[in-house]
Amino acid sequence: MRSELVVDVSPTNISTALLEDGRLVTLQQESRDVSYAVGNLYIAKVKKLMPGLNAAFVNVGYEKDAFLHYLDLGSQFTSYAKYIKKVRENTSKTPVSISEFKLEPDLDKHGAVNDVLTQGMELIVQVAKEPISTKGPRLTTEICFTGRFLVLIPFNNKISVSQKIKDGAEKTRLRRLIESIKPKNFGVIIRTSAQNKRAAELNSELNVLIKTWEETVAKFQFAAPPTLLYEEESRAVGEIRDLFNPDFESIHVNDAEVYDQIHNYVSLIAPDRSDIVKLYSDDLPIFDKFSITRQIKSSFGKTVSFRSGAYIIVESTEALHVIDVNSGNRSKSSTDQESNALNVNLLAAEEIARQLRLRDMGGIIVIDFIDMAKSEHRQQLYEHMREVMAKDRARHNILPLSKFGLMQITRQRVRPALDIVTAETCPSCGGKGEVQPSLLFTDRLKDKIDYLVNSLNVNNFIMYVHPFVDAYLKKGWLTSEYSKWRREFGRKFKILPDQSLNYLEYKVYDRQHNEIDLKEEKDTSSASSKKEARLRSQKEKD
């Protein structure tokens, strides 16, 4: 399977799209000033104990207090609490070594939060789940540092190997290797990507993770809560860390700074593959170039069509998603009803598995498949769903179809589900139902170009419009409106299509790709016109 990663960097957001054989399967959108991402470490202070929930609310600087449950303290919390207290009391610059520290007995799983936490207590916490809706972040004190091949867990001596590594001899080799190089009082999870890796590569990454832990403790020693101690890598780099495999053919980035970050990371983990990272510099939007915008428009929304005219309907609440499968045009097929239902259901299972990854849907998912009379067909559908969901990295559990023909899936959610509105509101009327004549839209664009060139003295700019408008402006080429404008105003501007724009919407960017805001000019001219109208009216009265 051919895999490509496309990273679209705008002034406010970073969007990361994973393509498999040209088909969009994962989309992540992150604000560039986002905080409280999964994996970040903070110094926090216990603000309120909630015995009824067996949990505590903790201040990490977020507008809503973060949530820390007793079970998220981890089995080694007693050792952890004793160690960080010792670090706080240490006034010298010599760090407190965890390898020389004596671990305490495991925490009682059935204990109470009041027995181990006190109000005002300072902790090192890690974000386990991002803020969702009105809820603050969910935290854990069972800290871990994730690398490409290994996950490092302080205050733990256990070594675990990924269950996806099936070769018993390889599992034994990796376990013995890590046992020989890991320091005392550190646990390690060996990830699937560590399979067949050399000792030098694993040892190098382990040293990097240990150094990260030591730097975090050094910051904690003298900092006051709430303070960010460690920030997880950018979403683009994190995506590569988790997804990178030999099938990756290319990584396209449209920003030089993010390109350097990704190129440096790929050069570190796979020096021989660093040339697959490519800087995209064309004027056409990067998501349009790789047909991602079109796939976003067709894949999000309430109704999603797939092969052979069948479609699914998706309804979502905060933690429950309901999906209804419909045969659509397939109902006209000449095959019998049972075979038709099975075929549609199997195709729907593939699309639903893609939708769960694409929208990052979590919680409970209930799927209403088309009813099938034969038990062997229901079993076949269940096994097929498990097969297509095997690629999903999020933890999930799939139950067989119930007697009502419903399939239930639980899927891990650590970030808010991605909800992209595909329906377009008219940019001219704002949804009121009345617009200015669309035929005059080209006159409006010409006025804007005239204002930019002759009033603002801006020549070297790009105006993005809807593809239909772009096609109309360039129809006839030499005799087109676009060619006339270029001759009239000079040739130092371009008009290009952008599939993400509404029909009568446009945007203007300079050559540094900074948006030129023309709203102020519009509002000013409007206010000026109103003022002139009032003056004329006053003169007529006089």
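Just so it is clear, the structure is predicted and the values come from calculations on it, not from any experiment.
Taking the six-membered ring for Trp and the full ring otherwise, Phe306 and Tyr311 have centroids separated by 6.0 Å or more. The aromatic ring centres of Tyr509 and Tyr464 sit less than 6.0 Å apart. Between Tyr503 and His466, a ring centre-to-centre spacing shorter than 6.0 Å is recorded. Aromatic ring centres of Tyr230 and Phe145 lie closer together than 6.0 Å.
His384 has its side chain within reach of Val388: a pair of non-hydrogen atoms, C-beta onward, lies under 4.5 Å apart. No side-chain heavy atom of Lys507 sits under 4.5 Å from any side-chain heavy atom of Met463. Using a 4.5 Å cut-off on side-chain heavy atoms (C-beta onward), Ile449 and Trp485 make contact. Contact annotation: the side chain of His396 never approaches that of Gln412 to less than 4.5 Å [non-hydrogen atoms, C-beta and beyond]. In this structure, Asp288 and Asp498 have side chains that are in contact, with non-hydrogen atoms separated by less than 4.5 Å. Within the 4.5 Å cutoff, the side chain of Val266 has heavy atoms near those of the Ile251 side chain. Proximity of Asp324 to Phe369: side-chain heavy atoms (C-beta onward) are nowhere separated by under 4.5 Å. Taking the side chain as every heavy atom from C-beta outward, Asn340 and Ser327 approach each other to under 4.5 Å.
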Test side chain to side chain contact (heavy atoms under 4.5 Å, CB included) applied to Ile462 and Arg511, step by step: CA-CA 7 Å; Ile462 302 174; Arg511 281 298 175 179; 3.6 Å; yes

Side chain to side chain contact (heavy atoms under 4.5 Å, CB included) evaluation trace for Phe67 with Val58: CA-CA 6 Å; Phe67 184 78; Val58 180; over 6 Å; no

Audit row: Ile190, Ser160, side chain to side chain contact (heavy atoms under 4.5 Å, CB included) steps and yes/no: CA-CA 6 Å; Ile190 303 172; Ser160 303; over 6 Å; no

Trace of the side chain to side chain contact (heavy atoms under 4.5 Å, CB included) decision for Ile153 with Val188: CA-CA 6 Å; Ile153 307 173; Val188 175; over 6 Å; no

side-chain hydrogen bond (donor to acceptor under 3.5 Å, both in side chains) evaluation trace for Ser250 with His252: CA-CA 6 Å; Ser250 56; His252 301 275; 3.1 Å; yes

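No donor-acceptor distance shorter than 3.5 angstrom exists from the side chain of Ser480 to the backbone of Gly476, with no hydrogens or angles considered. Side chain of Thr140 to backbone of Asp72: a donor-acceptor contact under 3.5 angstrom is found. Judged by distance alone, with hydrogens and angles left aside, the side-chain atoms of Lys278 form no donor-acceptor pair with the main-chain N or O of Tyr259 at under 3.5 Å. Remark: the backbone N or O of Gly22 is paired with a side-chain donor or acceptor of Gln295 at under 3.5 angstrom. The backbone N or O of Val38 sits nowhere less than 3.5 Å from a side-chain atom of Gln126 that would complete a donor-acceptor pair. A distance-only check finds no donor-acceptor pair linking the side chain of Asp8 to the backbone of Ile286 [under 3.5 Å]. In terms of modelled atom types and a separation under 3.5 Å, the side chain of Glu4 and the main chain of Glu249 share no donor-acceptor contact. Listed for the Asp167 side chain is a donor-acceptor partner under 3.5 Å among the backbone atoms of Ala169.
Here the rule is salt bridge (Lys or Arg N to Asp or Glu O under 4.0 Å) with Lys494, and of Asp470, Asp510, Asp283, Asp282 only Asp283 fits it.
The existence of a salt bridge linking Glu20 and Arg357 is confirmed by a sub-4.0 Å separation between a basic side-chain nitrogen and an acidic carboxylate oxygen. Ion pairing of Arg354 with Glu351 is present here, as a side-chain N (NZ or NE/NH1/NH2) and a carboxylate O approach within less than 4.0 Å. A salt bridge between Glu130 and Lys64 is absent, with no side-chain N of the basic residue lying under 4.0 Å from a carboxylate O of the acidic one. We find that Arg173 and Glu170 are joined by a salt bridge, their nearest charged nitrogen and carboxylate oxygen being less than 4.0 Å apart. Between Arg378 and Glu376 no salt bridge is recorded (no basic side-chain N to carboxylate O distance below 4.0 Å). With respect to Glu315 and Lys302, a salt bridge is recorded, a charged nitrogen being found less than 4.0 Å from a carboxylate O.
In this structure, the separation between CD on Glu205 and CG on Leu150 is 5.0 Å, given to the nearest 0.5 Å. Distance OH/Tyr472 to OG1/Thr442: 5.5 Å, rounded to 0.5 Å. Put simply, NE2 on His69 and CZ on Arg138 are 6.5 Å apart, with the number rounded to the nearest 0.5 Å. In this structure, Ser281 OG and Asp255 CG are separated by 12.5 Å, a value rounded to the nearest 0.5 Å. From Leu19, atom CG reaches atom OG of Ser3 across 9.0 Å, with rounding to the nearest 0.5 Å. Atoms NZ and NZ, on Lys164 and Lys166 in that order, are 9.0 Å from each other to the nearest 0.5 Å.
Summarising the local packing, CZ of Arg393 is surrounded by more than 12 heavy atoms from other residues, nucleotides or ligands at distances under 6.0 Å. Open room surrounds NZ on Lys135; 12 or fewer heavy atoms of other groups in view lie less than 6.0 Å from it. The environment of NZ in Lys391 is sparse: at most 12 heavy-atom neighbours from other residues, nucleotides or ligands sit within 6.0 Å. Within a 6.0 Å radius of CG in Leu406, more than 12 heavy atoms belonging to other residues, nucleotides or ligands are found. Annotation: Arg294, atom CZ; neighbour count of heavy atoms from other residues, nucleotides and ligands within 6.0 Å does not exceed 12.
Smallest separation of non-hydrogen atoms from Asn326 and Val344: O-CG1, 4.2 Å. Here the shortest heavy-atom pairing between Ser316 and Met361 reads OG-CE, 4.3 Å. Residues Leu174 and Ala194 come closest through the heavy atom pair CD2-O, 3.7 Å. In plain terms, the two heavy atoms of Val7 and Asn254 that are nearest each other are O-OD1, 3.3 Å. Here the closest heavy-atom approach between residue Ser162 and residue Arg191 is recorded as CB-C, 4.0 Å. In this structure, Met372 and Glu338 approach most closely via the heavy-atom pair CB-OE2, 3.6 Å.
A side-chain donor from one of Gln379 and Glu383 sits under 3.5 Å from a side-chain acceptor of the other.
A cation-pi arrangement is not found for Lys197 relative to Phe149, the charged atom failing to lie both closer than 6.0 Å to the ring centre and inside a 45° cone about the ring normal.
The aromatic rings of Phe493 and Phe461 lie parallel to each other, their planes meeting at an angle below 30°, with 60° marking the opposite boundary.
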